[in-house]
Amino acid sequence: MRDVAIIGIGMNEKWGELWDKSIRTIFTEAALNAMDDCNVDHIDSMYIGCMSGGLFVGQEHLGSMLADNLGADFIPATRVESACASGGLAFRQAFMDVASGMSEIVLAGGVEKMLDVDGGAATYALSTAADQEYECFHGVTFPGLYAMIANAHMAKYGTTRKQLAHVSVKNHMNGSKNHRAQFPFKTTLEEVVNSVMVADPLTIMDCSPVTDGAAAVILCPLDLAKKKFANKPIIKVIGSGHATDSIALHDRKDLTWLSAVELSGKRALKMAGKKIADINVCEVHDCFTIAEICVTEALGIFEPGMGGPSVESGITNIGGKIPVNTSGGLKSKGHPVGATGIAQIIEITEQLRGISGDRQVNGAKVGMTQNMGGSGGSSVCHILEVN
Amino acid sequence: MRDVAIIGIGMNEKWGELWDKSIRTIFTEAALNAMDDCNVDHIDSMYIGCMSGGLFVGQEHLGSMLADNLGADFIPATRVESACASGGLAFRQAFMDVASGMSEIVLAGGVEKMLDVDGGAATYALSTAADQEYECFHGVTFPGLYAMIANAHMAKYGTTRKQLAHVSVKNHMNGSKNHRAQFPFKTTLEEVVNSVMVADPLTIMDCSPVTDGAAAVILCPLDLAKKKFANKPIIKVIGSGHATDSIALHDRKDLTWLSAVELSGKRALKMAGKKIADINVCEVHDCFTIAEICVTEALGIFEPGMGGPSVESGITNIGGKIPVNTSGGLKSKGHPVGATGIAQIIEITEQLRGISGDRQVNGAKVGMTQNMGGSGGSSVCHILEVN
Amino acid sequence: MGITARNWREYPQRYRLEAAKCSQCGKVFFPPRLICNQCKSRKFETIKLPGEGTVKTFTVIRVAPTNFIDEVPYAIGIIELLEGFSTMMQIADCDPEKISIGMKVKLEFRKIQSDGEAGVIMYGYKAVPVSE
Amino acid sequence: MGITARNWREYPQRYRLEAAKCSQCGKVFFPPRLICNQCKSRKFETIKLPGEGTVKTFTVIRVAPTNFIDEVPYAIGIIELLEGFSTMMQIADCDPEKISIGMKVKLEFRKIQSDGEAGVIMYGYKAVPVSE
Ligand SMILES: [Zn+2]
Ligand SMILES: [Zn+2]
């Protein structure tokens with residue numbers, strides 16, 4: 001396998017309620033921004049992460065439509081789906097495409113247009129990431145699934161309501177410094193705890209929002225990057241890991257443990273030849289506050305049960321020992337499900353380039369992303385290193 | 001890139017209206033049949049072609065659900081979509097996974113459960129392969145799009161109504177010898193021409209049916225195949241090509257020419273180091289009779305405009321110079337959209353193994369598949385050779 | 001959402017609470033499967049799930065999917081029915097505030113939802129507290 | 001199918017028949033785009049599409065999607081409005097049997113469909129034969 005580098009990154013100017021733009025427009029914006037970032041005028045192939053073009057905008061076959069709208073005539077363009085991990089998985093397939101020697105300059109993008117439908121239709125679309133027949137049939141929602149994980153975690157480890165809130169407060173603090181964030185406001189423990197209850201114990205301020213948005217990155221062989229794209233720091237993709245688990249939460253032995261996250265992390269670290277302690281900055285899937293706590297445990301950043309106390313201690317803040325979700329995370333930046341995994345790659349790339357401004361983690365050399373599908377039915381991790 | 005071989009193949013016993021089985025069951029049946037065919041008890045990763053789990057069965061995140069149901073705990077499992085070319089594209093990604101050195105034993109599967117919804121919902125789901133806002137908005141259907149291609153082809157080249165019917169007659173003749181086919185009956189030119197009109201000039205007997213079905217194949221490095229799986233003829237994957245075109249039919253200069261098919265074919269032949277004349281047997285995307293005519297022209301099997309006269313002459317029959325759709329094609333075998341591309345690979349694999357019985361093409365050494373998305377917005381081709 | 005065959009197909013096993021028990025290692029699957037992920041056996045026997053269990057975890061849904069909006073708030077949980085086997089269902093006939101992990105419940109057949117479009121009423125199991 | 005914002009957004013350009021013409025090479029795009037696939041320019045000027053054109057190809061839909069079932073049979077075609085620029089629309093006000101490739105048509109604004117669920121009526125352009 002060839003070594004692979006990230007040479008370009010791009011997003012929409014801002015994520016949020018992009019009523020006046022269609023899915024083809026928001027994707028093309030992000031893709032052109034990524035191409036401009038590295039000054040390429042063509043790409044050889046393209047991968048698109050999108051969870052449900054069918055249910056959100058009545059449009060499948062996005063490979064054809066989006067390559068067409070990008071003016072990238074006749075290239076191979078592949079749409080990849082793994083629920084909310086679709087973006088991370090598109091990046092992984094693009095990585096393989098370059099690593100295999102099949103293509104040279106490859107775009108990995110993600111997009112979701114979630115606000116073209118009303119709230120009920122969006123809730124239904126998101127629920128298709130869970131087991132329709134044996135979970136959703138009974139009236140469970142995604143906040144409900146994570147709320148059950150939260151209650152199990154609190155019962156097993158004594159995790160507190162306040163510790164959950166700390167995740168939201170930290171991520172909004174980080175997001176307040178990110179001009180692309182959908183909700184760049186700060187919040188407090190009291191506001192999080194006292195917001196509208198969605199599924200006990202999770203309030204609306206424990207939940208990531210519904211978002212329109214897109215993101216794209218450009219990959220190429222490391223050798224080519226060194227030769228032609230060395231005007232910016234070159235970011236190497238040194239590890240990729242992907243794992244699945246049972247789609248239904250109730251089929252897992254330990255409801256507090258995300259095995260797909262654990263295994264995708266271990267696989268990525270093994271390929272990278274790194275230990276978790278080598279990671280300087282991390283973007284993880286905080287679709288709900290409890291998710292960030294469980295993920296930091298499953299990745300081995302903290303011992304089982306120590307995710308809550310750790311976020312409370314400030315160790316995951318910017319300036320802490322291992323900053324988590326410096327971008328603001330899904331919570332503040334927004335969560336257009338197919339685009340999230342690519343935006344995580346962009347945040348780490350910017351951190352490793354040293355251009356994160358107020359959010360910069362000093363001396364960041366190695367970063368990690370973790371992108372989750374459903375209630376933990378799939379997970380994709382990547383490890384990036386500045387050359 | 002490593003050389004890659006196909007070692008196992010499997011389908012459901014029969015395709016058709018599988019009312020009593022869910023998507024998870026029909027996929028698992030096909031996957032277990034493929035694993036049994038080569039006697040492997042585990043797979044390292046999996047790709048699933050499915051056009052619209054969201055709209056057909058309200059279930060996305062199929063990677064997680066189907067790996068889980070196959071008992072393949074924690075493996076990477078990736079769902080891939082390119083409308084009706086989803087299966088071919090899943091095969092291509094599996095090929096890259098093995099070729100890159102990332103995985104050893106990989107399953108490429110496809111599935112579509114189209115009959116859980118009523119006809120109106122199925123028509124809507126299929127229409128999401130076309131441009132919702134500028135094609136479907138006006139009331140066009142997929143038969144309608146191909147009917148417009150047919151009328152343009154008839155006007156430009158003098159292709160006749162009878163020549164279209166010949167495609168259906170030939171494919172039903174072939175399918176009558178395929179026990180897995182949904183509609184294994186024979187038909188006549190008169191029956192095709194005089195059936196219920198769907199979109200002029202196409203009758204219901206010019207159209208492939210709505211089908212429940214799944215298919216799966218197992219790939220591994222050629223070296224491993226020679227070492228451990230040599231009890232059956234080893235089928236090498238020698239070429240893979242993928243291309244896109246505008247999603248909207250009206251955006252193409254020549255409405256009779258499928259550029260994505262042309263380019264995907266050329267790319268696959270180039271990788272294989274073969275010419276189109278080297279192909280002994282071919283499975284192509286006959287979603288409508290006119291499609292087979294246009295595809296045989298775009299692949300360069302016949303000159304532009306000669307697809308109609310060629311099928312009329314019998315040259316594409318079993319026993320003809322270049323047999324096309326020996327399986328019965330989408331028309332007779334059925335067209336569960338996500339599974340079709342994998343079933344094409346299975347037919348060619350059986351032909352090259354020499355186990356096609358009454359459908360066997362004598363002396364077949366090199367075969368080709370062509371799988372189409374939408375009205376030609378994407379196309380995936382593969383070339384297989386017996387070792 | 002216009003999906004019909006699915007629910008017709010799933011009804012019998014939901015009504016009868018029929019699961020598949022691996023003939024080799026004993027692992028229980030609901031719905032039934034073709035292969036056991038624990039021992040790779042493909043032989044199963046049909047068993048009837050017990051009608052009682054305990055709450056492993058739960059929540060109270062206060063923002064519901066369209067088909068359940070009239071039921072809000074309602075409790076839903078993961079119920080352990082056998083050692084190592086659990087499944088999800090609503091917890092009915094009790095004050096959501098009184099539900100706790102470890103609580104004993106029994107299963108009853110109830111209306112689960114009505115399909116917005118077709119108006120079809122769908123039935124299944126719910127858990128209700130066992131009065132001690 | 002519950003999709004609302006999309007149609008609200010697409011209406012203005014449908015009503016006004018506004019396309020984007022590449023400022024560099026002149027290629028016309030409808031709907032407007034951010035980049036020209038012919039010359040890669042990102043500069044466009046807004047033009048109004050002509051109200052007349054010719055039929056490049058057509059068909060008569062006899063088995064229709066749910067929202068169009070009441071209209072069956074209806075003709076639909078690809079209409080060339082400018083040299084090298086075509087788009088799709090229904091062909092109305094004529095006997096479907098009389099339509100032919102090369103026929104001249106003009107564009108009119110009509111009701112296109114009503115959304116089954118919301119009952120929203122959607123308008124757009126249709127082609128009608130030019131009486132010679
Ligand atoms: Zn077992
Ligand atoms: Zn131009």
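Chain identifiers are assigned alphabetically (A, B, ...) following the order of the sequence lines, protein sequences preceding nucleic acid strands; residue numbering begins at 1 within each chain.
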For the interface with chain B, which of A:S259, A:G63, A:S246, A:G101 has the highest count of heavy-atom pairs at distances below 4.5 Å? A:S246
Please flag which part of A:A125 lies under 4.5 Å from any non-hydrogen atom of chain B: side chain, backbone, both or neither. neither
Looking at A:T78 and B:H242, what are the two nearest heavy atoms and their distance? OG1-CE1, 3.4 Å
Most heavy-atom pairs under 4.5 Å with chain A, out of B:M271, B:M51, B:Q93, belong to B:Q93
Most chain B-contacting option - heavy-atom pairs closer than 4.5 Å, from A:G377, A:S379, A:S240: A:G377
With rounding to the nearest 0.5 Å, note down the distance linking OG in A:S64 to CG in B:D131. 9.0 Å
Chain B interface, residue from A:A243, A:S127, A:S264 that has the most non-hydrogen pairs under 4.5 Å: A:A243
Is any side-chain heavy atom of A:P76 closer than 4.5 Å to one of B:R92? yes
Given heavy-atom pairs under 4.5 angstrom as the criterion, report whether the side chain, backbone, both or neither of B:A90 touches chain A. neither
Name the option with the most non-hydrogen atom pairs under 4.5 Å to chain B; the candidates are A:C84, A:S22, A:S82. A:S82
With chain A as the partner, which of B:L263, B:V80, B:D245 has the greatest number of non-hydrogen pairs under 4.5 Å? B:D245
Any side-chain heavy-atom pair of B:S378 and A:H61 under 4.5 Å: yes
What I want to check is whether the side chains of B:Q59 and A:T128 have a donor and an acceptor closer together than 3.5 Å. no
Supply the atom-to-atom distance A:R24 CZ to B:I247 CD1, rounded to the nearest 0.5 angstrom. 7.5 Å
Please round to the nearest 0.5 Å and tell me the distance separating atom CD of A:E60 and atom CD of B:E81. 5.0 Å
With only heavy atoms counted, which part of A:R2 is less than 4.5 Å from chain B, the side chain, the backbone, both or neither? neither
Less than 4.5 Å apart, side chain to side chain, heavy atoms only: is that true for A:D97 and B:M96? yes
Sub-4.5 Å side-chain heavy-atom contact between B:F74 and A:E262: no
Can you name the residues of residues 65-73 of chain A that have some heavy atom under 4.5 Å away from a heavy atom in chain B? A:M65, A:A67, A:D68
Go through the atoms of B:M46 and report whether side chain, backbone, both or neither lie under 4.5 Å from a heavy atom of chain A. neither
Atom pair CZ/CE of A:F95 and B:M102 - distance to nearest 0.5 Å: 5.0 Å
